[in-house]
Amino acid sequence: MVNTGLLLIPTAIMFYLAFRQRDSHSDEERMLWIWVGVYFLVFSLPTQRSARYLIPVMPAIAILLSLYWDRIPRWAFRISLGLAALFVVGIGVFSLKLELFLGGESIYPLYIWLILGISFLGIVFALFKSEWTRDLTPMALILVYFCLSGFFYPFDHAPGNFSDEARTAVKGETVWVPYNFRAKYERYRFLLPDTGIRGYHTDKKLTADELMQRHEYVVVRHRADEQLDTGNCAVLGTRLETRSRQKSHEIRAVLLDNRMDYLFAREYLLHCPR
């Protein structure tokens with residue numbers, strides 16, 4: 001049910017209704033539930049599991065939801081819409097926090113803010129207009145994904161990419177890049193094409209000075225709200241990056257102490273003399 005996202009509550013109620021009405025299922029519906037059951041059984045066997053392993057069963061869940069849509073109580077959809085409204089508000093708040101964290105520079109075009117505002121108003125309309133609640137819930141949840149995509153706008157455009165000049169400067173060279181999960185450094189092949197990519201694990205806690213002393217071409221991750229002391233190294237380019245795999249105390253610091261440096265960082269592409 002985790003893969004259904006904001007439709008979690010309606011999906012849980014659908015499971016309950018399906019169990020209560022199991023004697024009245026058609027043969028086609030039984031086949032769909034068998035599809036769901038077999039995948040879940042196989043999913044339960046490995047010692048390491050992730051919800052995304054069940055993504056192939058989601059088409060069956062979607063069809064079952066459509067069959068039960070009119071039988072699911074309206075209050076369940078209101079919960080989904082309420083969560084969607086909170087989500088959109090949260091995206092707006094963190095978008096504003098990101099701009100303030102970077103010194104107030106404008107990194108979002110006007111239409112991103114318009115999407116956030118229109119999405120919020122549309123979700124609120126569906127939330128309080130009872131006769132439209134069921135029909136508008138899918139559209140409202142799609143709007144949430146538009147807003148989430150809008151939040152990542154800077155990371156997909158100039159602020160989140162190295163410049164063409166920086167890419168040209170390291171063409172054919174070996175660049176050392178940070179990663180915190182197995183082979184995650186491979187994604188830098190898209191950011192720095194025609195470049196030899198080698199990774200260093202951030203768990204080794206190497207300082208910026210140590211990295212600059214070890215490697216001729218290196219990407220150093222640093223706080224986005226502070227300048228990195230690059231010493232004798234030349235800065236070829238910078239980009240904005242999101243941090244991942246935060247620890248529990250870091251998440252609490254973000255929520256309670258506004259520690260945005262646990263969410264965002266700036267990466268420096270450096271050329272250090274041997």
Side-chain angles (χ1 to χ4, degrees), residues 1-46 48-95 112 114-152 244 246 248 251 254-255:
M1 292 186 286
V2 172
N3 286 325
T4 60
L6 296 176
L7 283 174
L8 176 64
I9 300 301
T11 304
I13 293 175
M14 177 194 69
F15 272 75
Y16 171 75
L17 293 174
F19 181 77
R20 287 282 302 274
Q21 302 167 8
R22 59 189 181 278
D23 294 333
S24 60
H25 293 175
S26 65
D27 289 341
E28 291 81 6
E29 184 178 343
R30 286 194 176 93
M31 292 297 292
L32 289 171
W33 284 115
I34 289 172
W35 183 359
V36 174
V38 168
Y39 263 91
F40 187 75
L41 176 62
V42 175
F43 165 83
S44 301
L45 296 178
Q48 184 174 353
R49 295 178 293 274
S50 171
R52 65 181 180 272
Y53 298 163
L54 285 174
I55 286 177
V57 83
M58 297 315 295
I61 295 292
I63 295 171
L64 288 166
L65 268 173
S66 69
L67 294 175
Y68 282 83
W69 199 257
D70 292 333
R71 285 177 271 175
I72 298 172
R74 188 173 282 108
W75 60 262
F77 296 109
R78 282 202 169 105
I79 292 177
S80 291
L81 290 169
L83 293 173
L86 290 174
F87 208 94
V88 171
V89 170
I91 292 173
V93 169
F94 274 93
S95 298
I112 297 295
L114 290 176
I115 289 174
L116 283 168
I118 293 171
S119 298
F120 180 76
L121 293 176
I123 292 169
V124 170
F125 175 81
L127 185 60
F128 291 103
K129 196 70 171 176
S130 297
E131 59 268 29
W132 287 92
T133 298
R134 279 193 176 88
D135 294 337
L136 290 182
T137 295
M139 183 59 68
L141 301 188
I142 289 174
L143 288 175
V144 171
Y145 285 102
F146 270 110
C147 294
L148 185 61
S149 179
F151 173 75
F152 286 105
S244 61
Q246 285 85 359
S248 58
I251 295 175
V254 170
L255 297 175

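Along the sequence shown, the residues carry numbers beginning at 1.
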Can you tell me how far [atom2] of [Y] sits from [atom1] of [X], rounded to the nearest 0.5 angstrom?
X: Arg134; Y: Ser80; atom1: CZ; atom2: OG; result: 12.0 Å
X: Ile55; Y: Ser50; atom1: CD1; atom2: OG; result: 8.0 Å
X: Phe87; Y: Leu143; atom1: CZ; atom2: CG; result: 13.5 Å
X: Gln21; Y: Asp23; atom1: CD; atom2: CG; result: 10.0 Å
X: Leu32; Y: Asp27; atom1: CG; atom2: CG; result: 11.5 Å
X: Ile142; Y: Leu136; atom1: CD1; atom2: CG; result: 11.0 Å

task: Using the ring of Phe77 (Phe, Tyr or Trp, six-membered ring only), decide whether Arg74 places NZ or CZ under 6.0 Å from its centre and within 45 degrees of its axis.
output: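 No cation-pi geometry.
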
Would you indicate whether the side-chain heavy atoms of [Y] and [X] approach each other to under 4.5 Å?
X: Pro10; Y: Trp69; answer: no
X: Val57; Y: Phe40; answer: no
X: Ile13; Y: Trp75; answer: yes
X: Ile112; Y: Ser95; answer: no
X: Thr137; Y: Leu7; answer: yes
X: Tyr68; Y: Ile63; answer: no

Over all heavy atoms of both residues, which pair between [X] and [Y] is shortest? Give the atoms and the distance, please.
X: Trp35; Y: Pro59; answer: CH2-CB, 4.2 Å
X: Ile91; Y: Cys147; answer: CG2-O, 3.7 Å
X: Ala126; Y: Thr133; answer: O-OG1, 3.0 Å
X: Ile72; Y: Met14; answer: CD1-CB, 4.3 Å

Crowding at [atom1], [X] (>12 non-hydrogen neighbours, <6.0 Å):
X: Met139; atom1: CE; value: no
X: Phe43; atom1: CZ; value: yes
X: Tyr53; atom1: OH; value: yes
X: Phe151; atom1: CZ; value: yes

- prompt: Looking at the rings of Phe15 and Trp33, which for Trp means the six-membered one, are their centres under 6.0 Å apart?
  reply: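 They qualify: ring centres under 6.0 Å apart.
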
task: For side-chain contact (heavy atoms from CB on, under 4.5 Å), just list the numbers for Val36 and Leu64, CA-CA rounded to whole Å, side-chain angles, deciding distance to a tenth of an Å, and then say yes or no.
output: CA-CA 10 Å; Val36 174; Leu64 288 166; 4.2 Å; yes

message: Side chains of Arg78 and Ser130: any donor to acceptor distance under 3.5 Å?
response: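 Checked: Ser130/Arg78 side chains pair up, N/O donor to acceptor below 3.5 Å.
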
Using only atom types and a distance under 3.5 Å, with no angle test, would you say the side chain of [X] pairs donor to acceptor with the backbone of [Y]?
X: Asn3; Y: Met58; answer: no
X: Thr4; Y: Thr11; answer: no
X: Arg22; Y: Phe19; answer: yes
X: Arg30; Y: His25; answer: yes
X: Arg71; Y: Leu67; answer: yes

message: Salt bridge check, Glu131 against Lys129: does any charged N sit closer than 4.0 Å to a carboxylate O?
response: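 Counted as a salt bridge, because a side-chain N and a carboxylate O are separated by less than 4.0 Å.
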
field: Residue of the set Val124, Leu6, Leu127, Val144 for which side chain to side chain contact (heavy atoms under 4.5 Å, CB included) holds with Leu81
entry: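 Only match with Leu81 under side chain to side chain contact (heavy atoms under 4.5 Å, CB included): Leu127.
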
